[in-house]
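Contents: one structure, followed by commentary.
Chain naming here is simple, since letters A, B, ... match the order of the sequence lines and numbering starts at 1 in each.
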There are 2 protein chains.
Amino acid sequence: MGVARKTKSVSELLDVFGQTDNALSVVELVSKLDQHMNKTTVYRILDRLEDGGQLHSFIGKDGLKWYAKCQKCSSSHHTDLHPHFQCRDCGKSECLNVDISIPSVANHRIDSAELLLVGSCQDCLNQ
Amino acid sequence: MGVARKTKSVSELLDVFGQTDNALSVVELVSKLDQHMNKTTVYRILDRLEDGGQLHSFIGKDGLKWYAKCQKCSSSHHTDLHPHFQCRDCGKSECLNVDISIPSVANHRIDSAELLLVGSCQDCLNQ
DNA sequence: ACTACTTTCGCAACTGAGTTGCAATAAAGA
DNA sequence: TCTTTATTGCAACTCAGTTGCGAAAGTAGT
Ligand SMILES: [Mn+2]
Ligand SMILES: [Mn+2]
Ligand SMILES: [Zn+2]
Ligand SMILES: [Zn+2]
């Protein structure tokens, strides 16, 4: 049911997301917030924020979980279908504001789709 | 550099892939081959077969690694870009023979793409 | 078939992301 | 302030995947 109580830990985590438009890996978040909260807490808050429609998640190229802010999602209903980009050089991930077309597949019901593009980001190309 | 020696373990693993057109998760393979070879061996052979262009891999919706036979890939060069489907109900994954369009992204170089569709497979819909 | 060379394998120990159970803590409302 | 209950910290756990190394088994040459 999302976040029910705005605790100090929830605010701190939201602050981190407020400071960037990039996606953030859980590993990165746990490490960055190490002095402020337990890693279990990070996992649980991310879970609740996704459940509440404030964040969405995807699996990166190495199987690690990433989170990013939702833009157009109503609470507890993720609708904004967009691809993600992960840089092979620096590892960073971004949400892409690009429309994608999902192919229909005979005899299959498609409920969701994840498109992950891998390559080099702008920063890594310019150096 | 792919597989250099056709060992008993390599043959057994290829036999498993020869019996199905579906993708197989590493977890499943390790469990199925438990009496025949060590799990480290399974991981290493899969690695080599992918490197040699006989198999390709992708990350499933839960972050687990899956492998499937390559159709059009020359050895050590994976070219067949296609989406994968994973059933939310039974967990199985398949390669889809469907063309997908990869959007271009300004100021980014895209090297590869992974499209994962999630939903219900034919078997699970008919029951 | 024997030898030498090198790849491959088994094993056991390890790594690291993510989870669980439970007691302690702290929001939020009355 | 009191009560209720969501949330947190902690420690232990799970499990996919990796590593190092000595032993075993392909392979090519003789
Ligand atoms: Mn996104
Ligand atoms: Mn495939
Ligand atoms: Zn980069
Ligand atoms: Zn199914």
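Between the P atom of D:dT14 and the OH atom of A:Tyr43 lies a distance of 17 Å, rounded to the nearest Å. Rounded to an integer number of Å, the gap from A:Glu28 CD to C:dG16 C1' is 16 Å. Distance, B:Ile45 CD1 to D:dT18 C1': 16 Å, rounded to whole Å. Spacing between atom CG of B:Leu29 and atom C1' of D:dG17 amounts to 14 Å, rounded to whole angstrom units. With rounding to whole Å, A:Asp51 atom CG is found 11 Å from D:dT7 atom P.
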Before you tell me yes or no, could you show the steps for B:Leu64 and B:Val26 under side chain to side chain contact (heavy atoms under 4.5 Å, CB included), namely the whole-Å CA-CA distance, both residues' side-chain angles and the distance that decides it to 0.1 Å? CA-CA 8 Å; B:Leu64 298 193; B:Val26 181; over 6 Å; no
Worked check of ring-ring contact (aromatic ring centres under 6.0 Å, His included) between A:Tyr67 and A:His56: CA-CA 6 Å; A:Tyr67 283 87; A:His56 65 280; 8.6 Å; no
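Shown for residues 5-15 of chain A: residues whose heavy atoms fall under 4.0 angstrom of DNA chain C, namely A:Arg5, A:Lys6. Using a 4.0 Å cutoff on non-hydrogen atoms, the parts of residues 59-67 of chain B near DNA chain D are B:Leu64, B:Lys65, ordered by number. Within residues 31-38 of chain A, no residue is approached by DNA chain C to less than 4.0 Å at the level of any non-hydrogen atom.
At least one side-chain nitrogen or oxygen of A:Thr41 sits closer than 4.0 Å to the OP1 or OP2 atom of D:dG9.
Heavy atoms of B:Val42 sit nowhere under 4.0 angstrom from any nucleic acid atom. Looking at heavy-atom distances under 4.0 Å, B:Val30 makes no contact with the nucleic acid at all.
Within the 4.5 Å cutoff, the side chain of B:Gln86 has no heavy atoms near those of the B:Leu117 side chain. Between A:Ser93 and A:Cys87, the closest side-chain pair of non-hydrogen atoms is not below 4.5 Å. Contact check for A:Asp111 versus B:Val118: no side-chain heavy atoms found under the 4.5 Å cut-off. Using a 4.5 Å heavy-atom cutoff, the side chains of A:Lys92 and A:Glu94 are not in contact.
A donor-acceptor pair is defined here as one N or O able to donate and one able to accept, closer than 3.5 Å; such a pair exists between the side chain of B:His82 and the backbone of B:Asp80. Between the side chain of A:Lys69 and the main chain of A:Phe17, a donor-acceptor pair closer than 3.5 Å is present. Without hydrogens or angle criteria, B:Ser11 side chain to B:Thr7 main chain gives a donor-acceptor distance under 3.5 Å.
Side-chain atoms of A:Arg48 lie closest to D:dT8 of the nucleotides C:dC9, D:dT19, D:dT8. Among the nucleotides D:dG20, C:dT20, C:dG18, the one closest to any side-chain atom of A:Val27 is C:dG18.
Each of B:Arg44 and B:Lys39 was assigned the nucleotide of DNA chain C with the nearest heavy atom; the assignment lying further toward the 5' end belongs to B:Arg44.
Ring-plane geometry between B:His84 and B:Phe58 is classed as parallel, the angle between the planes falling under 30 degrees on a 0 to 90 degree scale with a further cut at 60.
With rounding to the nearest 0.5 Å, the separation of CG in A:Leu55 from CG in A:Leu13 is 7.0 Å.
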